[in-house]
Amino acid sequence: MSEDSRGSFMPPVDRLAGAAPAEVQRLAARMAQDAFTQLFRLTLERDGPALQGAVVEIARLSRNWVQAGADDEARALRLALLLSGIDQWGLAWCQAFRLSAIPSVSELLGSLRTGLDAKADAGYERAFAAIDAAEGDAIDFKMDLRRNIHLGLWHAMIACEDRAEAETILAALGGMMVALTQKMPLLGWRLVADALAHIQLRCLTEAAASTELARDVNAALFTALRQNLPRETSEPMFAHANQVVIAWQQARRAGLN
């Protein structure tokens, strides 16, 4: 990708925006994150009754939200976005923490598909496939989802007190970011750049990654991305992330004047 093409870059049209506008896509990403976070926390706490109750309640609220869609296409897409998001959170955490499965997440995913009639199930399958049919489709969902998955793993990584555990998460997170640029050759590097910008902003505004180990693995993440991505991908990616941070700093200074 040349400098000129980057400068004049126009993202492709989101063909799913009619059935799921940007605000619906972002809400689906947040709901998926909230559902997964609650189930994972209760799983760690080994609170069986609370965990089972959470699965039932999340499924109820999710069905209500799905049914609020304007028509069959919108409802199918809402369900597909929600299930895709929850599944991606689960897969990321299983990879990073070397888990074979998270039963409560699997139970929720199964529950949300149970009861679909043949027509609704076919609509769901079409909607699920449509999300990944083109990079620009459901892009607001993809942006929010991947940013928050990456940030969630990054926070887990810098919170580690054990170097081996931190490096395991580092390897998983770096691998996910590299894989995303390969799966989405047009927009993937922008999604990773968005996450990297937010990481840098967290370090600036919250003094995150302040321990020696956290600084080490944070620096190692940036180094690994530079080493494992081709220059034509890594250079615009880091430049884009840095531009976001610079713009934030300039806006902050302007607000103080």
Side-chain angles (χ1 to χ4, degrees), residues 9-40 51-93 102-152 176 179-180 183-188 190-192 194-195:
F9 177 81
M10 289 293 292
V13 174
D14 181 353
R15 299 173 300 178
L16 300 180
E23 61 271 17
V24 170
Q25 294 183 27
R26 288 191 287 266
L27 180 55
R30 290 196 300 272
M31 290 176 66
Q33 178 179 1
D34 291 345
F36 174 79
T37 301
Q38 183 178 359
L39 294 182
F40 191 68
L51 183 58
Q52 188 59 43
V55 171
V56 172
E57 180 63 7
I58 292 170
R60 182 186 70 82
L61 294 173
S62 297
R63 290 191 188 97
N64 289 344
W65 181 71
V66 167
Q67 289 305 311
D71 52 30
D72 287 347
E73 181 184 3
R75 287 187 284 272
L77 187 52
R78 284 187 177 210
L79 181 61
L81 290 169
L82 195 54
L83 266 64
S84 174
I86 295 169
D87 185 51
Q88 289 184 61
W89 273 95
L91 289 173
W93 251 244
I102 304 173
S104 58
V105 173
S106 300
E107 183 181 352
L108 175 62
L109 294 175
S111 174
L112 288 173
R113 287 199 65 179
T114 300
L116 294 179
D117 59 26
K119 180 182 178 182
D121 194 61
Y124 162 78
E125 291 285 358
R126 286 194 298 272
F128 194 89
I131 294 171
D132 286 330
E135 291 186 35
D137 293 346
I139 188 59
D140 289 279
F141 167 77
K142 293 170 182 174
M143 178 74 79
D144 276 26
L145 181 73
R146 296 315 306 185
R147 175 201 303 136
N148 291 325
I149 288 175
H150 294 154
L151 285 175
M176 289 176 203
L180 184 59
K183 180 181 179 181
M184 300 176 64
L186 179 64
L187 299 176
R190 288 177 173 264
L191 270 63
V192 176
D194 175 71

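None of the values given here were measured: they were computed from a predicted structure.
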Presence of salt bridge, D194 and R146, under 4.0 angstrom: no

Contact summary for A28 and W65, nearest pair of heavy atoms: CB-CH2, 3.6 Å

Distance-only polar pair, side chains of S111 and R60, donor-acceptor under 3.5 Å: no

Backbone of G69 reached by a side-chain donor or acceptor of R75 within 3.5 Å: yes

Where at least one partner belongs to residues 11-29, residue pairs that pass salt bridge (charged side-chain N to carboxylate O under 4.0 Å, His left out), sequence neighbours excluded: R15-D137, R26-D140

Value rounded to 0.5 Å, distance of CZ in R113 from CG in L108: 13.0 Å

Side-chain touch Q52/S104, heavy atoms, less than 4.5 angstrom: no

From OH (Y124) to CG (L116), nearest 0.5 Å: 8.5 Å

Qualifying residue, where the test is side-chain contact (heavy atoms from CB on, under 4.5 Å) with K142 and the options are I131, L81, L187: I131

Distance-minimising heavy-atom pair for M31 and L82: CB-CD1, 3.7 Å

Aromatic ring pairing F36/F40, orientation class (parallel under 30°, perpendicular over 60°, tilted between): parallel

Side-chain (N148) to main-chain (D144) donor-acceptor, under 3.5 angstrom: yes

Between CG on residue D34 and CD1 on residue I58, distance to nearest 0.5 Å: 8.5 Å

Non-hydrogen atoms of I86 and A35 that approach each other most closely: CD1-CB, 4.2 Å

Residue that, paired with W89, satisfies side-chain contact (heavy atoms from CB on, under 4.5 Å) out of I102, L39, L145, V105: L145

Flag if over 12 foreign heavy atoms under 6.0 Å of CD, E73: no

Under 3.5 Å side-chain donor-acceptor pair for Q67 and R78: no

Closest non-hydrogen atom pair between W93 and I149, with its separation: CZ3-O, 4.0 Å

Note, V24 side chain near P21 side chain (heavy atom, < 4.5 Å): yes

Which atom of F141 lies closest to which atom of Q88, heavy atoms considered: CE2-NE2, 4.5 Å

From CG (L180) to CZ (R190), nearest 0.5 Å: 13.5 Å

Shortest non-hydrogen separation from A74 to A19 and the atoms involved: CB-O, 3.6 Å

Gap between atom CG of L191 and atom NZ of K183 - 0.5 Å precision: 11.0 Å

